[in-house]
Engineer: 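Structure below; questions to follow.
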Amino acid sequence: MSEDVRLVAWVRGHVQGVGFRWFTRAKALEIGGLSGFALNLGDGRVQVVAEGARERCEGLLGWLQGGDTPGRVDGVTEIWDTPRGGYEGFAVR
């Protein structure tokens with residue numbers, strides 16, 4: 001049984017105006033068992049918060065870092081934490 005974790009990732013590159021948040025939500029739903037959100041930030045990055053089993057969060061992070069995302073990802077900075085809860089599904093904000 002995997003421990004539940006909280007992943008907060010900041011994705012930089014050409015990730016706004018290309019459907020990045022919607023594809024991130026679709027990927028989170030495809031992986032399953034994740035709750036959280038994807039949010040455009042004022043500086044051009046997208047913030048992704050995901051809570052769930054560590055393996056599932058690692059799967060989403062791997063997708064964010066891979067070449068299969070819309071736009072162009074130049075880099076991802078992430079932190080790991082304990083889940084805070086309070087999310088209903090995975091949202092685009």
Side-chain angles (χ1 to χ4, degrees):
M1 179 97 177
S2 170
E3 64 171 325
D4 279 355
V5 297
R6 175 185 177 92
L7 164 68
V8 182
W10 294 271
V11 185
R12 59 192 183 281
H14 180 62
V15 291
Q16 290 190 11
V18 294
F20 193 90
R21 294 174 300 155
W22 292 100
F23 277 93
T24 300
R25 177 179 183 271
K27 190 62 176 182
L29 295 175
E30 177 186 314
I31 291 169
L34 294 175
S35 60
F37 63 88
L39 169 73
N40 281 344
L41 299 176
D43 62 6
R45 295 178 300 164
V46 171
Q47 180 184 26
V48 178
V49 175
E51 293 187 355
R54 177 173 289 278
E55 293 85 27
R56 293 172 190 254
C57 287
E58 287 172 348
L60 183 62
L61 178 62
W63 179 81
L64 292 171
Q65 294 169 328
D68 196 28
T69 60
R72 184 194 73 249
V73 173
D74 293 336
V76 180
T77 303
E78 85 269 2
I79 60 170
W80 295 89
D81 202 353
T82 55
R84 299 179 188 169
Y87 301 114
E88 297 242 349
F90 202 95
V92 171
R93 293 187 177 172

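All values reported here derive from a predicted model rather than from experimental measurement.
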Engineer: Could you state the interatomic distance from CD1 (Ile31) to CD (Glu55), rounded to the nearest 0.5 Å?
Structural biologist: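 Output value for this atom pair is 11.5 Å.
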Engineer: State yes or no: do Leu39 and Ile79 share one hydrophobic cluster built from I, L, V, M, F, W and Y residues joined by side-chain heavy-atom distances below 4.5 Å, directly or via other members?
Structural biologist: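 Yes, Leu39 connects to Ile79 through the hydrophobic network.
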Engineer: Kindly write out the residues that satisfy ring pair (Phe, Tyr, Trp, His ring centres under 6.0 Å) with Tyr87, not counting sequence neighbours, or none if the list is empty.
Structural biologist: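 Once residues adjacent in sequence are excluded, the partners of Tyr87 under the ring pair (Phe, Tyr, Trp, His ring centres under 6.0 Å) criterion are Phe37.
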Engineer: Should we count CG of Asp74 as having more than 12 external heavy atoms under 6.0 Å?
Structural biologist: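 Atom CG in Asp74 is crowded, with more than 12 foreign heavy atoms closer than 6.0 Å.
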Engineer: So which atom in Leu64 and which in Val76 form the shortest heavy-atom distance, rounded to 0.1 Å?
Structural biologist: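 Smallest interatomic distance, heavy atoms only, reads O-CG2, 3.9 Å.
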Engineer: I'd like to know if the side chain of Arg25 reaches the main chain of Phe90, judged simply by a donor and an acceptor atom lying under 3.5 Å from each other, with no hydrogens or angles considered.
Structural biologist: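 Side chain of Arg25 to backbone of Phe90: a pair is present.
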Engineer: What is the distance from atom CZ of Arg6 to atom SG of Cys57, rounded to the nearest 0.5 Å?
Structural biologist: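 Those atoms lie 10.0 Å apart.
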Engineer: Report whether Val92 and Phe23 are members of the same hydrophobic cluster (ILVMFWY, side-chain heavy atoms less than 4.5 Å apart, transitive linking).
Structural biologist: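 As far as the 4.5 Å side-chain criterion goes, Phe23 and Val92 are not connected within one cluster.
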Engineer: How far apart are the closest heavy atoms of Asp4 and Ala53, and which atoms are they?
Structural biologist: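 The answer is OD1-N, 3.3 Å.
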Engineer: Closest approach of Gly52 and Leu34, non-hydrogen atoms and distance?
Structural biologist: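 Answer, listing the atom of Gly52 first, then Leu34: CA-CD2, 4.0 Å.
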Engineer: Using modelled atom types only, decide if a donor and an acceptor are shared between the side chain of Glu51 and the backbone of Ser35 within a distance under 3.5 Å.
Structural biologist: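 No; judged by distance alone, with no hydrogens or angles, the pair does not exist.
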Engineer: Would Leu61 end up clustered with Val49 when hydrophobic side chains under 4.5 Å apart are linked, directly or stepwise?
Structural biologist: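 Unlinked, Leu61 and Val49 end up in two clusters.
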Engineer: Scan residues 82-93 for pairs that pass salt bridge (Lys or Arg N to Asp or Glu O under 4.0 Å), counting only residues two or more places apart or in two chains.
Structural biologist: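 For residues 82-93: Asp81-Arg84.
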Engineer: If you measure from CH2 on Trp80 to CD on Glu58, what distance do you get to the nearest 0.5 Å?
Structural biologist: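 The distance works out to 5.0 Å.
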Engineer: Is the closest side-chain heavy-atom distance between Leu60 and Lys27 below 4.5 Å?
Structural biologist: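 Side-chain contact under 4.5 Å: yes.
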Engineer: Less than 3.5 Å apart, which donor and acceptor atoms pair up between the side chains of residues 8-18 and the rest of the protein, not counting sequence neighbours?
Structural biologist:
unit_1 : atom_1 : unit_2 : atom_2 : d
Arg12  : NH1    : Thr77  : OG1    : 3.2
Gln16  : NE2    : Leu41  : O      : 2.8
Gln16  : NE2    : Arg45  : O      : 2.8

Engineer: Trp63 and Thr24: side chain to side chain contact (heavy atoms under 4.5 Å, CB included), yes or no, with the steps?
Structural biologist: CA-CA 9 Å; Trp63 179 81; Thr24 300; 3.5 Å; yes
Engineer: Return the CG to CZ distance between Leu7 and Arg56, rounded to the nearest 0.5 Å.
Structural biologist: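 Reported to 0.5 Å precision, the distance equals 14.5 Å.
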